[in-house]
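As the structure is a computational prediction, the values presented were derived from the model and not from experiment.
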Amino acid sequence: MPELPDITIYIERLNALVAGQRLTGVRLNSPFLLRTVEPPLDALPGSVLQEASRQGKRIVLQFDNGVFAVIHLMIAGRLRWKKPRANLHKRNGLIAFDFASGSLVFTEAGTKRRASHHLFGSLKQVNDFDRGEWR
């Protein structure tokens with residue numbers, strides 16, 4: 001697998017910024033981003049982010065309620081740290097994860113929506129989804 005310095009940097013910064021913080025809300029702007037329905041997106045608010053890690057080219061957010069959010073940025077996807085409850089732009093803002101200290105906004109440039117967000121209710125489901133090794 002090629003080196004993925006951007007994914008590594010995202011994980012390092014996420015762990016420094018929000019690991020141990022409670023997720024106060026999730027705002028979904030693009031329903032096509034969310035590729036799973038169980039557990040529901042409503043399962044995330046109120047949970048504490050335990051850790052961010054990598055699964056190949058994906059970012060895995062592990063919450064204390066046993067829910068895992070798996071994000072694939074693809075080529076044009078970016079994570080941006082903004083002030084709390086930052087505006088989610090209609091054009092390229094896909095989803096925002098709100099914490100007391102700020103909002104993690106997932107954006108994707110361009111018109112082809114290739115980025116994805118999956119929710120899983122167990123580590124086994126995350127590992128079954130992986131084509132390689134979860135780190």
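- Interatomic distance, CZ of F97 versus CG of L49, reported as 10.0 Å (0.5 Å rounding).
- Interatomic distance, CG of D6 versus CD1 of I59, reported as 8.0 Å (0.5 Å rounding).
- A donor-acceptor pair is defined here as one N or O able to donate and one able to accept, closer than 3.5 Å; no such pair exists between the side chain of D98 and the backbone of T24.
- At a threshold of 4.5 Å between non-hydrogen side-chain atoms, the residues Y10 and R78 count as touching.
- No side-chain donor-acceptor contact under 3.5 Å links Q62 and S53.
- With sequence neighbours excluded, the residues forming a side chain to side chain donor-acceptor pair (under 3.5 Å) with T107 are R80, listed by chain and number.
- Put simply, the side chain of P45 does not reach to within 4.5 Å of the side chain of R22, judged on heavy atoms.
- For the atom pair CD1 of I95 and OG of S103, the computed distance is 11.5 Å after rounding to the nearest 0.5 Å.
- The shortest side-chain heavy-atom distance between L104 and L14 falls under the 4.5 Å cut-off.
- Less than 6.0 angstrom separates the ring centroid of F120 from the ring centroid of F129.
- Here the options are N92, L73, L88, the test is side chain to side chain contact (heavy atoms under 4.5 Å, CB included), and the partner is F106; only L73 passes.
- Distance check: L17 CG to L79 CG gives 11.0 Å after rounding to the nearest 0.5 Å.
- Taken from CZ in R35 to OG in S116, the straight-line distance is 5.0 Å, to the nearest 0.5 Å.
- At a threshold of 4.5 Å between non-hydrogen side-chain atoms, the residues N15 and E51 count as touching.
- Residues H117 and V70 are not in side-chain contact: their nearest non-hydrogen atoms beyond the backbone lie 4.5 Å or more apart.
- Side-chain contact between H72 and M74 is present, with heavy atoms from C-beta onward closer than 4.5 Å.
- Looking at F68 and L61, their side chains never come closer than 4.5 Å, going by heavy atoms from C-beta outward.
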